[in-house]
Amino acid sequence: MTATQRNTHGKRNTMLVKHADVLVTMDDARRELRDAGLYIEDGQIVAVGTTAELPQTADEVLDLGGHLVMPGLINTHHHMYQTLTRALPAAQNAELFGWLTSLYKVWAHLTPEMIEVSTLTAMAELLLSGCTTSSDHLYLYPNGCRLDHSIEAAQRIGMRFHASRGSMSVGQRDGGLPPDAVVEREADILKDTQRVIEAYHDEGRYAMLRVVVAPCSPFSVSRDLMRESAVLARHYRVSLHTHLAENINDVAYSREKFGMTPAQYAGDLGWVGRDVWHAHCVQLDDAGIDLFARTGTGVAHCPCSNMRLASGIAPVKRMRLAGVPVGLGVDGSASNDGSHMVAEVRQALLLQRVGFGPDAMTARDALEIATRGGAAVLGREDVGALAPGMAADFVSFDLRQPAFAGALSDPVAALVFCAPSQVAHSVINGRQVVKDGVLSTVELGPLIERHNRLARQLTEAAA
């Protein structure tokens, strides 16, 4: 416990949540409680139950009658800098490789200020849509950009954050996809990755910040960098993350360059295990699913991005039945063009049904992937459910909105089936970050104005 978690008299800081119409615990029994709430001390949940069962006083009391309360959603894959290049005309109608080729030359002009502001903007959108923990995969570092700039933004806005030190080292002259101007020397990548781990990573329970080792993809880094990154990560006991098997061209590249499928490539390099998660895996074959299930290797499912880039439909039901940990990700905001977690939950359900039938995913399955599933993928045992001993990360949705009218026979399913909603309240580590629908840590108007100005500068520089 830190000094900031105690009040000025050394007494525990307490919070009482009461009278929630429905409390979705996502605990081991998957309880859904009526007229219920939480009792919290110093950012940790002490008690969960009906309002009558809980203490009746606290330093801070939230009466959430008319609300659904649930664990904060967990975003397992994002590229927050891409909020600066949403819906650019040149990349609106391309598949993955064409989309990347169009945008690399724009992203080459990123600046430290752009990283900071785009991270704040993406996190604001995530927070207002129910997300309390997010990863981010930053893999370009032009013009003095550093992972520190996104970390500082997360600390300012109050998001629980897994900062992935991404990288690209194989440019076009070496047979890779990215232009040579946006790749780094591998020795520099490893040195800086070690620096940020030592400077920022917190492996403790309830950590607000963890660092992840994250070479970008098989088509932008070498085998050596993948192997050395795994060695580095395991030395420091941090997680590993990359893109894998995103579309058919990705699979074809792996077969041509390495003589194996993406899953075989990952296994050959030591990129499987409970400390590893891969983004997308749309084209993961049965052998790959079996490998991931046996090793506990996680997957970040990104349905909106997969649809936007016509990558296909990830076999999420088969993965989960096999025992693969699956979380949800919004992916970059230039391949999804949004960072709305409830919208992503809804899309996950709808896309599985399009691909595999009406029973392929239920509303509660989708919410579980976005909470407990995301926690498992990120290697967290302290978030993703509301139970004693868990971090006090929770959100509430006002059920009295027009979007939920007529749907209160099952408000939990309504959150997924009805139009995506914004949160009324968001609490992270026992701290209110969104109150009555308003973000309390950053003023949105000036932030959005600054973001739009920087987005114009970025595209003009590329032009």
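Partners of Glu184 by salt bridge (charged side-chain N to carboxylate O under 4.0 Å, His left out), not counting sequence neighbours, listed by chain and number: Arg165.
Checking Ser118 against Thr121 by side-chain atom types alone, no donor-acceptor pair falls below 3.5 Å. For the residue pair Glu186/Ser222, the side-chain donor-acceptor check at 3.5 Å is satisfied. Judged purely by distance below 3.5 Å, without hydrogens or angles, the side chains of His340 and Gln422 pair a donor atom with an acceptor atom. Checking Asn336 against Arg308 by side-chain atom types alone, no donor-acceptor pair falls below 3.5 Å. For the 3.5 Å distance criterion, the side chains of His243 and His77 qualify, holding a donor opposite an acceptor. A donor-acceptor contact closer than 3.5 angstrom links the side chains of Asn75 and Ser134.
Taking the charged nitrogens against the carboxylate oxygens, Asp148 and Arg195 do have a contact shorter than 4.0 Å, which makes a salt bridge. The existence of a salt bridge linking Asp365 and Lys317 is excluded, since no basic side-chain nitrogen approaches an acidic carboxylate oxygen closer than 4.0 Å.
Checked against the 6.0 Å centroid criterion, the rings of His79 and Tyr139 qualify as a close aromatic pair. Checked against the 6.0 Å centroid criterion, the rings of His78 and His137 do not qualify as a close aromatic pair.
With Ser305 contributing its side chain and Cys302 its backbone, the two residues share no donor-acceptor pair below 3.5 Å. No donor-acceptor distance shorter than 3.5 angstrom exists from the side chain of Arg173 to the backbone of Asp180, with no hydrogens or angles considered. Distance alone, capped at 3.5 Å, is enough to place a donor-acceptor pair between the Arg380 side chain and the Ala207 backbone. Remark: side-chain polar atoms of Asn247 are not paired, donor with acceptor, to backbone N or O of Ala310 under 3.5 angstrom.
Residues in residues 129-138 take part in no salt bridge (charged side-chain N to carboxylate O under 4.0 Å, His left out) pair, two or more places apart or across chains.
Under a cut-off of 6.0 angstrom, the local environment of CG in Leu321 is crowded, with over 12 non-hydrogen atoms contributed by other residues, nucleotides or ligands. For CD of Glu198, the number of neighbouring non-hydrogen atoms (other residues, nucleotides, ligands) closer than 6.0 Å is greater than 12. By the 6.0 Å contact criterion, CZ on Arg274 is open, its count of non-hydrogen atoms from other residues, nucleotides or ligands being 12 or less. More than 12 heavy atoms of other shown residues, nucleotides or ligands fall within 6.0 angstrom of atom CD in Gln92.
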Test Asp337 against Ser333 for side chain to side chain donor-acceptor pair (under 3.5 Å), laying out the working first. CA-CA 4 Å; Asp337 305 287; Ser333 290; over 6 Å; no
Where do Phe397 and Phe404 land on the ring pair (Phe, Tyr, Trp, His ring centres under 6.0 Å) test, with the steps shown first? CA-CA 10 Å; Phe397 295 88; Phe404 295 128; 7.5 Å; no
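Between Trp277 and His241, the ring-plane angle classifies as parallel under the 30° and 60° cut-offs.
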